[in-house]
Structure formats: C-alpha cells, structure tokens
Amino acid sequence: MSGRGSAPVDPRRAEAEGRGQSPWSALAGVPHLDVAPHRAPITATLALPGSKSYSNRALILAAMADGRSTLGGLLRSDDSYWCIEALGRLGAAVTVERDTAIVMGLGRRRPLADARLYIGSAGTSARFLPGLLAAGDGGRVTLDASRQMRARPMAPLLEALRSMGAAITCPLTADAPPLDIAGGTLRGGAVTMSGAVSSQFISGVLMAGPLAPEGVHVTIPDHVVQKDYVAMTLDMMATFGASVAVNTDLTDMRVDPGAYRPTDVMLEADASTATYFFALAAVTGGHVTVTNVGTATRQPDLRLIDILERMGCAVTRAPGQVSVAGPEGGRLAGGFDVDMRPLSDATLTLAAIAPFADGPIAIHNVAHIRNHESDRIAVICRALADLGIRVEERPDGLTVHPGRPTAGVMDTHDDHRVAMALAVLGVAGEGLRLRDPGCVSKTCPPFFDLLAGLGVGVTTA
Ligand SMILES: O=C(O)C1=C[C@@H](OP(=O)(O)O)[C@@H](O)[C@H](O)C1
Ligand SMILES: C=C(OP(=O)(O)O)C(=O)O
C-alpha cells in the first residue's frame with residue numbers, strides 16, 4: 001500500500017476523547033484512502049486474522065479463570081486491545097507475543113480498590129463484562145466505552161442483571177456506559193430476556209453464570225438475532241470448564257454455579273472478515289481460498305458462501321478452509337430474497353456486491369443492525385444511492401438493483417464493516433475514496449494491506 005503511514009495512537013488520549021482507536025490501529029489519523037478499480041480476477045490463498053468474537057470471549061473467560069491460559073491465533077485489533085487493557089486494570093496479567101496471548105487469570109478475585117475500565121467500541125466487552133464484574137468478589141468497578149458504544153443498546157442486559165441482584169448504576173445516561181458495578185451483588189437465578197435486539201445480551205448473562213451463587217437459568221420467549229453467537233459463547237464457556245445445559249433451539253439455558261478453569265485454545269480466523277475476500281473472488285471472477293476458517297466453524301457469517309453459491313460462484317468446502325471462485329466472465333445471479341438475520345454482519349458484504357448481479361437482491365430481517373456501529377441499513381442505502389445504484393430501504397432491510405456504481409468519496413461512519421464493504425464495491429466498480437479508513441482496525445487492522453497484497457491499488461493521502 002503506497003502513501004502516508006499513520007502515527008501510533010496514544011491510548012490515554014483515545015480514552016479521554018472517547019474513541020475506539022488503539023495502539024493496534026492502522027491508518028489512525030489518515031484522512032482518506034483510495035481504492036482503485038481492479039479489472040483482473042483476484043486469485044489468492046490466504047490466512048486471515050483471528051476471530052474478534054472468539055478472541056474477546058477467550059480473553060475474558062481466561063481472565064476469569066484461576067490460573068494460566070494460552071490463547072493462540074489471537075486477533076490484534078482495537079476491540080481486543082481494549083479488552084486486554086481492561087482485563088489488566090482488573091488485575092489479570094495478559095502478555096501478547098505476535099498472535100499468542102498468555103493470560104494469568106483472576107478467578108473470583110477482583111480489585112480491592114475501585115477500578116475504572118475502558119473497552120473502546122467493542123460490543124463484546126461492553127455486553128460480556130458487566131455480569132462478570134457484578135458476580136465477582138471485591139470492589140466497585142466503573143466500565144466506560146467510546147462515544148460510539150455509549151450510544152448502543154444496553155438496557156435489556158442491565159435489566160436482566162439487575163433482576164438477578166446486580167447493583168449497576170449509570171451516572172451519566174440511563175442504561176448506558178459509564179456503568180458503576182458493585183462486585184459480589186449478582187445472585188443469579190432465573191431470568192426471561194429477549195434476544196431480539198442483540199445476542200450479546202444473552203451471552204453476557206450466560207458468561208456470568210458460573211460466578212453467580214445461584215448460577216443462571218435463561219429463558220428466551222422470542223427469537224435470538226444471530227443465535228450462533230450464543231452457541232459460540234456456550235462452546236467457549238464449556239472449553240473453560242463451565243457446566244451448561246441447553247435445549248436444542250437455545251431458548252432455555254442453565255449454567256451451574258462453579259468456576260472457570262484455565263485452558264489453552266487455538267482460535268480460528270474471523271469469518272466476517274473472510275466474507276470480504278470471498279466477495280472479491282465473486283465480483284472479479286477470481287478464486288480465493290481462506291486457509292484458517294472452514295465449515296467446522298460456528299461463526300454464522302461463513303454461511304455467506306451459500307449465498308455466493310446461489311449467485312453462481314463455485315464453492316469448495318472443507319472443515320478448516322473454504323474456497324470461492326467467481327463465475328468466469330459471467331455475471332453474478334441476482335433476482336432473489338434472502339433472510340440475513342442469522343448472519344447479519346455479512347449484510348453489508350452482500351449489499352456491496354448486489355449491484356453487480358443480474359437481478360435485484362432483497363435483504364430481510366436485519367432491523368437490529370441499525371443499532372450496530374452505525375445505522376447500517378440507512379448508511380449502506382445512502383452510499384449505494386450516492387453511487388447511482390437504485391436501492392429501496394425498508395425498516396428491516398433493503399433491496400439493491402443491478403447497476404454500475406460510479407466513483408465517489410464515501411464516509412465510513414466510524415464503522416469497520418461499512419469501510420470494508422465499500423472497499424469491495426470500489427474494487428469491482430470505478431474505485432472509491434474512503435474517509436477515515438482506519439476504522440477497519442476495530443476488527444481488521446491489516447485489511448487494506450491485505451487488499452494491496454492481492455494486487456488492488458490502495459493509496460493513502
Ligand atoms: O457475540 C458476538 O461476538 C457478536 C454478536 C453479534 O452481535 P448482535 O447479536 O448484537 O448482532 C455480532 O453482530 C457481533 O459482530 C459479534
Ligand atoms: C456488530 C459488530 O461488533 P460488536 O457488536 O461486537 O461491537 C460487528 O463486528 O459487526
């Protein structure tokens with residue numbers, strides 16, 4: 001990648017300014033980045049950075065275990081940086097060498113003195129830590145977050161935790177970080193909670209279960225968006241020694257009181273990140289193999305390959321890796337409706353390649369992504385329209401019609417998935433200038449370097 005680099009982020013300044021950037025950010029402060037159109041097929045075999053979802057689960061559970069855990073394949077990104085920093089302020093010792101973390105966990109112990117944690121913009125840390133902090137012994141902990149994360153929903157989680165005894169107050173804004181959490185107050189017990197806004201609320205209550213004197217018994221009366229993430233939580237909890245009993249559709253889940261046990265895990269790549277590289281193969285008629293995540297994963301976004309197959313791609317599946325080959329010379333097939341709720345983080349990836357299909361693609365059931373890092377439905381509809389693509393916005397989704405996107409200068413709205421999806425669109429279209437490209441560092445700091453490594457023209461100001 002050519003052009004200007006970026007100065008390292010001062011974490012204290014980022015925290016003071018309520019930003020998500022971290023010393024693991026790339027392109028921090030770089031005002032914009034140009035992605036050039038790319039007419040040749042993109043063909044590559046690559047290993048991608050670790051899963052954000054698995055990295056933060058493993059870091060947090062290892063910190064709650066009483067002893068030493070080794071986490072291989074760890075993601076180094078803004079979300080995991082701030083997670084590690086917060087766990088360090090709690091007293092867990094986390095050392096990171098390349099993509100391996102050694103965690104000396106706390107068990108039930110919490111800081112005797114009050115601690116103030118900052119978790120950046122990570123929905124995982126924001127939703128997974130409060131219950132664990134209320135369950136552990138010890139003092140009062142303040143958990144704060146970036147301006148972006150302070151604006152995202154937390155109420156259903158806080159309501160559920162408070163109903164089980166957790167003493168959590170919000171001194172600035174109701175049901176929003178900063179949270180003041182009193183340790184030793186979460187009794188646990190039975191709770192009925194909705195999964196319709198975020199699966200992370202369910203995961204956050206479950207993860208606290210072993211440290212609550214009564215354990216937890218979670219009942220879900222409606223549906224859980226992106227339910228696979230709850231399954232990922234339960235898997236990781238069991239890996240760290242928790243005793244869980246669940247019904248088949250994850251609407252009734254019990255976690256026994258107990259403790260987390262230190263363990264060693266090897267984490268797989270981030271399937272959401274993989275979607276952008278599979279999409280590049282799809283829109284350029286190329287062939288991309290990702291070697292460190294495959295059909296054995298529980299990460300729901302890998303299932304975008306089924307949709308790409310429906311669009312005419314050739315997909316080769318294996319438990320540990322997947323290949324996608326775009327239709328040679330032909331166009332992607334459109335003209336269908338798709339329910340993206342189970343894999344809603346891949347919505348923007350699909351929306352970005354939909355203009356290159358031969359018929360409209362209607363995306364449904366993703367209203368909750370309006371509460372992600374940005375109002376993702378509104379943002380992607382506006383972006384497509386600004387690039388000359390006919391698009392219809394609905395409360396729960398959008399319909400994208402075939403067209404040739406123009407070049408343009410696009411805001412990324414401090415949303416890593418907006419930036420990465422628009423980059424794919426720029427490659428396949430007429431190129432794009434992206435403002436604040438560094439926001440990709442929330443989950444994939446090397447994203448633009450990886451693009452450049454595929455032969456895509458990437459230039460910073
Ligand atoms: O538990 C997790 O690791 C995640 C859950 C999902 O959140 P929602 O259930 O809020 O959509 C997903 O969007 C996010 O990227 C990661
Ligand atoms: C919604 C996302 O992240 P999180 O909720 O973990 O901040 C995402 O990565 O698309």
Side-chain angles (χ1 to χ4, degrees), residues 20 49-61 75 77-83 119-129 145-157 177 193-207 220 222-237 250 267-268 270-276 297-302 304 340-349 351 365-377 379-380 396 412-421 439-444 447:
S51 157
K52 169 259 289 182
S53 294
Y54 277 127
S55 291
N56 276 10
R57 280 170 173 76
L59 285 163
I60 289 170
L61 296 184
L75 171 66
S77 79
D78 294 339
D79 275 11
S80 55
Y81 173 87
W82 288 116
C83 185
I119 50 94
S121 296
T124 48
S125 307
R127 279 79 179 259
F128 298 169
L129 283 173
S146 68
R147 289 192 306 274
Q148 180 193 90
M149 189 62 226
R150 283 183 171 188
R152 292 177 62 185
M154 288 286 285
L157 169 69
M193 57 191 298
S194 166
V197 172
S198 171
S199 66
Q200 293 175 338
F201 301 148
I202 316 297
S203 291
V205 169
L206 292 169
M207 291 165 89
I220 313 285
D222 53 8
H223 65 274
V224 179
V225 293
Q226 305 205 82
K227 181 183 291 197
D228 293 294
Y229 288 102
V230 175
M232 291 163 62
T233 298
L234 292 163
D235 270 358
M236 191 63 81
M237 287 172 64
L250 300 188
L267 303 171
E268 59 192 23
D270 193 301
S272 306
T273 301
T275 67
Y276 307 108
T297 186
R298 282 192 182 276
Q299 298 178 73
D301 285 0
L302 192 80
L304 184 72
M340 288 295 283
R341 179 195 286 171
L343 62 163
S344 51
D345 281 6
T347 297
L348 300 190
T349 314
N365 254 345
V366 290
H368 74 289
I369 71 173
R370 290 184 183 275
N371 296 313
H372 278 174
E373 286 84 333
S374 67
D375 176 340
R376 288 177 164 168
I377 296 175
V379 165
I380 197 65
D396 79 326
T412 54
H413 300 270
D414 195 19
D415 188 331
H416 55 131
R417 300 211 185 284
V418 170
M420 293 189 275
C439 66
V440 300
S441 297
K442 185 172 192 283
T443 57
C444 189
F447 178 77

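Whatever order the structure lists ligands and atoms in, that order sets their numbers, starting from 1. Note that the structure is a prediction, hence the values are computed from the model and not measured.
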Side chain proximity check, His372 to Asp345, heavy atoms < 4.5 angstrom: yes
Protein residue, atom and distance nearest to atom 4 (C) of ligand 1, heavy-atom basis: Gln200 NE2, 3.2 Å
Main-chain N/O of Arg417 paired to Glu373 side chain as donor or acceptor, under 3.5 Å: no
Step-by-step side chain to side chain contact (heavy atoms under 4.5 Å, CB included) determination, Ser55 to Leu267: CA-CA 7 Å; Ser55 291; Leu267 303 171; 3.8 Å; yes
Protein contact of atom 6 (C) of ligand 1 - nearest heavy atom, named by residue and atom, plus distance: Gln226 NE2, 3.5 Å
Ser125 and Met149, any side-chain heavy atoms less than 4.5 Å apart: no
Part of Phe128 within contact of ligand 1 (heavy atoms, under 4.0 Å): side chain
Best match, Ser53, Ala346, Ser51: closest heavy atom to atom 3 (O) of ligand 1: Ser53
Part of Met232 with heavy atoms under 4.0 Å of ligand 1, whether side chain, backbone, both or neither: neither
For atom 1 (O) of ligand 1, closest protein heavy-atom neighbour: Arg57 NH2, 2.7 Å
Atom 9 (O) of ligand 1: the protein heavy-atom neighbour that sits closest, reported with distance to 0.1 Å: Ser199 OG, 2.6 Å
Side chain Asn365, main chain Asp396, donor-acceptor under 3.5 Å: no
Any Val197 side-chain heavy atom under 4.5 Å of His368 side chain: no
Closest protein heavy atom to atom 16 (C) of ligand 1, given as residue, atom name and distance to 0.1 Å: Lys52 NZ, 3.3 Å
Qualifying residues under side-chain contact (heavy atoms from CB on, under 4.5 Å), relative to Asp414, sequence neighbours excluded: Gln21, Gln148, Asp436, Cys439
Identity and separation of the nearest protein heavy atom to atom 10 (O) of ligand 1: Ser198 OG, 2.6 Å
N or O contact, His372 vs ligand 1, cut-off under 3.5 Å: yes
Protein contact to atom 13 (O) of ligand 1 [nearest heavy atom, distance to 0.1 Å]: Asp345 OD1, 2.7 Å
Close side-chain approach of Arg127 to Met207, heavy-atom, < 4.5 Å: no
With Ser441 via side-chain contact (heavy atoms from CB on, under 4.5 Å) - residues at least two apart: Ser25, Ala26, Asp78, Pro445
Sorted by chain and number, the residues that approach ligand 2 to under 4.0 Å with a heavy atom: Lys52, Ser121, Ala122, Gly123, Thr124, Arg152, Gln200, Asp345, His372, Glu373, Arg376, His416, Arg417, Lys442
Worked check of side-chain hydrogen bond (donor to acceptor under 3.5 Å, both in side chains) between Arg57 and Thr233: CA-CA 7 Å; Arg57 280 170 173 76; Thr233 298; 2.9 Å; yes
Min side-chain heavy-atom separation Lys52-Gln299 under 4.5 Å: no
Atoms of ligand 1 close to His368 [distance to a heavy atom under 4.0 angstrom, numbered from 1]: 11 (O)
Pairing residues for Ser374 by the side-chain contact (heavy atoms from CB on, under 4.5 Å) criterion, not counting sequence neighbours: Arg376, Val379, His413, Asp415, Val418
